[in-house]
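Each chain gets a letter, A, B and so on, in the order its sequence line appears, and its residues count up from 1. Here the structure is a predicted model, which means the values were calculated and not measured. In what follows, every heavy atom counts, from backbone to side chain, and hydrogens, waters and symmetry copies are set aside.
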Protein chains: 4
Amino acid sequence: MYYQIHSIVDMSTDKKEHIINTAIELFAVKGFEGTSIREIAAAAQVNLAMINYYFGSKEKLFESIVEYKASHSRGALEEVAADTSLTQMQKIEVIIQRHVDRLFANRHFHRVIFQEMVMTSRSALQESIICKIIYPNNQIITQIIQSGIDSGEFNRNADPQLCTVTIIGTINQIMSSKRFCNKMLNRDDDETYVPYEDDAFKQRFTNHMISIMQNHLLKQS
Amino acid sequence: MYYQIHSIVDMSTDKKEHIINTAIELFAVKGFEGTSIREIAAAAQVNLAMINYYFGSKEKLFESIVEYKASHSRGALEEVAADTSLTQMQKIEVIIQRHVDRLFANRHFHRVIFQEMVMTSRSALQESIICKIIYPNNQIITQIIQSGIDSGEFNRNADPQLCTVTIIGTINQIMSSKRFCNKMLNRDDDETYVPYEDDAFKQRFTNHMISIMQNHLLKQS
Amino acid sequence: MYYQIHSIVDMSTDKKEHIINTAIELFAVKGFEGTSIREIAAAAQVNLAMINYYFGSKEKLFESIVEYKASHSRGALEEVAADTSLTQMQKIEVIIQRHVDRLFANRHFHRVIFQEMVMTSRSALQESIICKIIYPNNQIITQIIQSGIDSGEFNRNADPQLCTVTIIGTINQIMSSKRFCNKMLNRDDDETYVPYEDDAFKQRFTNHMISIMQNHLLKQS
Amino acid sequence: MYYQIHSIVDMSTDKKEHIINTAIELFAVKGFEGTSIREIAAAAQVNLAMINYYFGSKEKLFESIVEYKASHSRGALEEVAADTSLTQMQKIEVIIQRHVDRLFANRHFHRVIFQEMVMTSRSALQESIICKIIYPNNQIITQIIQSGIDSGEFNRNADPQLCTVTIIGTINQIMSSKRFCNKMLNRDDDETYVPYEDDAFKQRFTNHMISIMQNHLLKQS
DNA sequence: GATGAATGAGAGTTCATTCAT
DNA sequence: TATGAATGAACTCTCATTCAT
């Protein structure tokens with residue numbers, strides 16, 4: 001009986017997570033405005049009113065998604081940044097690698113976040129996304145580059161802020177649309193090809209990013 | 001009577017353009033889903049039914065926007081690509097410069113296009129955006145880089161397709177959100193600052209992009 | 001064909017009035033909160049969206065009712081007040097007579113207005129009801145009584161403001177509930193008896209009101 | 001164990017009263033329809049389901065309020081009516097005085113009752129309000145007046161039933177809306193003025209009511 | 001006895017679109 | 001060509017209530 005109670009408590013948490021994960025997929029495909037809570041409820045096979053019951057409103061559901069994911073990914077980059085056994089360039093390399101890994105694996109969620117960041121309306125959402133997710137991560141990268149410049153490891157002409165923009169902008173561009181990605185890679189004839197699931201492409205992309213940053217940041221002998 | 005018809009045609013062309021320009025601004029601010037044709041009609045001071053009458057539907061209005069803008073910007077890059085007096089690196093530099101210029105000047109329109117490209121639903125829109133606007137431009141850049149590699153001007157390890165992604169991804173990242181941009185530049189305390197109107201920032205950004213590509217593409221002596 | 005067009009234009013106005021009249025009856029029976037615009041639409045046999053199309057919102061529909069009725073009843077009392085051929089007491093008598101007549105005839109509308117005046121929430125509605133309908137009428141009565149006192153026709157101990165409250169409060173009490181009214185008159189056994197349609201009762205009530213005010217206002221010889 | 005049960009019973013009685021008092025205040029401000037049991041539960045800091053558990057439904061909660069208050073105020077008027085040391089006029093004076101006192105002090109509750117009496121729907125509520133609270137009180141007043149007429153103390157032309165309506169109608173009109181009241185008294189500029197808490201106004205109002213009834217009921221020598 | 005979770009019904013509102021003229 | 005009127009569908013959200021524990 002205790003276990004029964006326990007499992008029900010879990011079910012409640014599970015249900016929330018279940019709704020969140022369903023919502024992420026739908027938001028990723030159809031956008032925030034384009035997805036109705038009716039669809040989410042239907043897809044998650046829960047009552048329509050449950051969503052407002054749990055999250056309060058559609059916007060708050062979105063914010064819950066942001067909180068949920070932010071809390072699950074926090075500390076990934078800090079660890080690397082704090083690792084004194086690595087050169088700054090090595091840190092950048094590891095961060096690129098991990099970032100690409102993470103985004104390829106969570107591409108649905110990432111697209112949701114990216115879409116809302118791009119949207120000018122719904123300021124509250126944009127604000128929380130930028131402040132809670134995007135900016136903190138970017139700041140870590142910027143500071144590593146700044147440290148590299150200060151220590152003489154990196155080219156003093158490099159622009160730390162814009163280098164960060166290049167790193168995440170390139171990744172975001174790749175993530176922004178499967179169709180765009182395939183078109184660019186001349187794979188648009190193959191509907192079934194998903195670049196984000198192709199390890200070879202992931203390696204190729206990671207190499208490109210690392211190479212770009214090495215060439216730009218490192219002093220040339 | 002001929003003149004009458006003619007003037008009416010002109011009037012309706014003007015009206016169409018007027019609606020298109022109004023719609024671009026609203027779509028840019030509130031997104032496609034977030035903007036109702038009621039709002040567009042009100043802002044353009046035309047009858048609500050006019051819009052469906054002229055464009056058929058909301059989606060077709062959007063496609064008209066794409067067509068309209070694509071037809072107005074076509075041939076800008078081809079000219080540069082065909083200029084035999086320039087080295088491939090110089091072509092890249094010019095293209096970066098012009099692209100940044102153009103996007104900063106038309107940032108409202110650009111954001112609309114970008115938003116819809118990111119959205120996975122509304123396939124028809126995405127298809128036409130990618131095929132009519134994004135891909136042709138990218139292809140030109142990719143081919144220039146390929147030519148540079150083939151001629152030995154560029155590093156043979158460079159990845160032409162991903163280099164193109166880096167160029168437009170970095171710019172898109174900057175364009176995607178004023179708030180993000182200001183946050184990155186530590187200007188988020190100043191609500192009135194619009195980076196896209198700041199020539200100094202435009203220069204700084206252009207320099208960064210050119211520098212990145214030079215360091216990456218050019219062989220190091 | 002011209003007449004056809006004309007009749008259609010009228011239909012539009014008619015439809016608005018039709019909706020208003022339907023809404024008055026429903027609001028009177030079930031209150032503002034208790035009546036859904038779905039019910040109003042069904043009862044008026046118009047499309048649900050029409051109501052918002054015409055009136056903007058449920059609250060604005062109510063305000064339209066107030067405006068509509070206020071504009072139809074304006075000037076009824078002013079005329080009496082301005083009639084110099086009458087003594088102040090005669091004016092009061094005529095006003096009581098007409099007020100009772102009017103309210104008995106429009107008891108549905110009156111109950112709606114009264115209900116919302118009593119409701120503390122929905123301040124905006126209350127405000128407009130009091131300022132546009134109740135207060136102006138009351139002010140006229142108060143001023144007549146004041147004039148009577150000033151001219152020596154009325155007892156100087158009378159309280160003009162509270163006398164007005166007595167006049168309209170007594171009528172409102174009678175109008176407030178058919179069931180209450182019948183209970184008071186020991187007619188609660190007869191479900192079909194509608195006091196507001198009984199001329200004998202109307203006369204009895206009018207006489208009572210006039211008698212009360214005569215005894216209170218007129219100096220006793 | 002007995003004590004435990006006992007204490008729980010006491011607790012639940014307290015809780016019931018607590019809920020009732022919270023509900024009275026909310027109903028008075030926002031009306032019956034306008035107040036959700038969620039709000040009541042939140043304001044009373046009890047579980048939402050508690051209210052249905054204790055009272056069965058929202059309507060039954062309201063009836064409980066009526067019962068509760070009716071049982072707490074019963075016998076106030078009977079006492080006066082039965083007092084043989086008073087003339088009928090003195091009884092009317094005392095009743096007016098006490099009634100005004102009681103309503104001014106319990107104006108929140110009174111407004112709830114009055115609102116629901118005015119509402120035509122929810123017959124059951126209206127029925128119990130009229131039968132359990134309003135009618136019994138009114139009947140006492142009516143009978144006193146009838147006794148005065150029969151004994152020759154009062155004017156034989158007076159209408160006992162309608163005189164009762166005038167008494168309670170005037171008071172209800174004053175109680176129905178603070179805003180109306182202040183507007184009538186030319187105090188609508190002062191948001192903070194609460195006439196029901198102003199002893200001077202209470203005296204003025206009581207005097208007016210007594211004066212009206214004296215002038216109307218007493219034979220003029 | 002007491003409660004958090006869950007639900008179906010219905011609320012007001014807004015939408016893109018169509019129709020009659 | 002141009003438009004005010006009208007519509008049906010769908011939206012988010014809140015409601016009173018119930019149920020399993």
With respect to the phosphate group of [N], does any side-chain polar atom (N or O) of [X] fall under 4.0 Å of OP1 or OP2?
{"X": "C:N47", "N": "F:dG8", "result": "yes"}
{"X": "D:N52", "N": "F:dT18", "result": "no"}
{"X": "B:K15", "N": "F:dA2", "result": "no"}
{"X": "B:Y53", "N": "F:dT1", "result": "yes"}

Hey, does [Y] have a side-chain heavy atom less than 4.5 Å from the side chain of [X]?
{"X": "A:E67", "Y": "A:K132", "answer": "yes"}
{"X": "C:L61", "Y": "C:Y54", "answer": "no"}
{"X": "C:K69", "Y": "C:I24", "answer": "yes"}
{"X": "A:F27", "Y": "A:T22", "answer": "no"}
{"X": "A:V112", "Y": "A:F62", "answer": "yes"}
{"X": "C:V118", "Y": "D:S177", "answer": "no"}

Residue whose nearest DNA chain E nucleotide is more 5′ - A:L48 or B:K58: A:L48
Counting only side-chain heavy atoms from C-beta out, which of E:dC15, F:dC19, F:dT3 sits nearest to B:A49? F:dT3
How long is the line joining [atom1] of [X] and [atom2] of [N], in whole Å?
{"X": "C:E33", "N": "E:dG10", "atom1": "CD", "atom2": "P", "result": "17 Å"}
{"X": "C:M50", "N": "E:dT13", "atom1": "CE", "atom2": "C1'", "result": "14 Å"}
{"X": "C:I51", "N": "E:dA11", "atom1": "CD1", "atom2": "C1'", "result": "13 Å"}
{"X": "B:K16", "N": "F:dA2", "atom1": "NZ", "atom2": "C1'", "result": "14 Å"}
{"X": "C:F55", "N": "E:dG12", "atom1": "CZ", "atom2": "C1'", "result": "16 Å"}
{"X": "D:Y54", "N": "E:dT3", "atom1": "OH", "atom2": "P", "result": "8 Å"}

In chain order, what residues pass the salt bridge (charged side-chain N to carboxylate O under 4.0 Å, His left out) check against B:E39, with sequence neighbours excluded? B:K30
Where DNA chain F forms stems, i.e. three or more consecutive Watson-Crick or G-U pairs with both distances under 3.5 Å: E:2-21 with F:2-21
Under 6.0 Å from the ring centre and within 45 degrees of the ring axis: does the NZ or CZ of D:K16 meet both conditions for the six-membered ring of D:F55?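 Output yes; distance and angle both within limits.
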Does NZ or CZ of D:K58 come closer than 6.0 Å to the centre of the six-membered ring of D:F32, within 45° of the ring's axis? yes
Using the closest heavy atom to pick a nucleotide of DNA chain F for each, name whichever of D:E59 or A:E59 lands nearer the 5' end.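 On the 5' side of the pair lies A:E59.
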Those residues of residues 35-45 of chain C lying under 4.0 Å from DNA chain E by at least one heavy atom: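 When residues 35-45 of chain C is checked for heavy atoms under 4.0 Å from DNA chain E, the hits, listed by number, are C:T35, C:S36, C:I37, C:R38.
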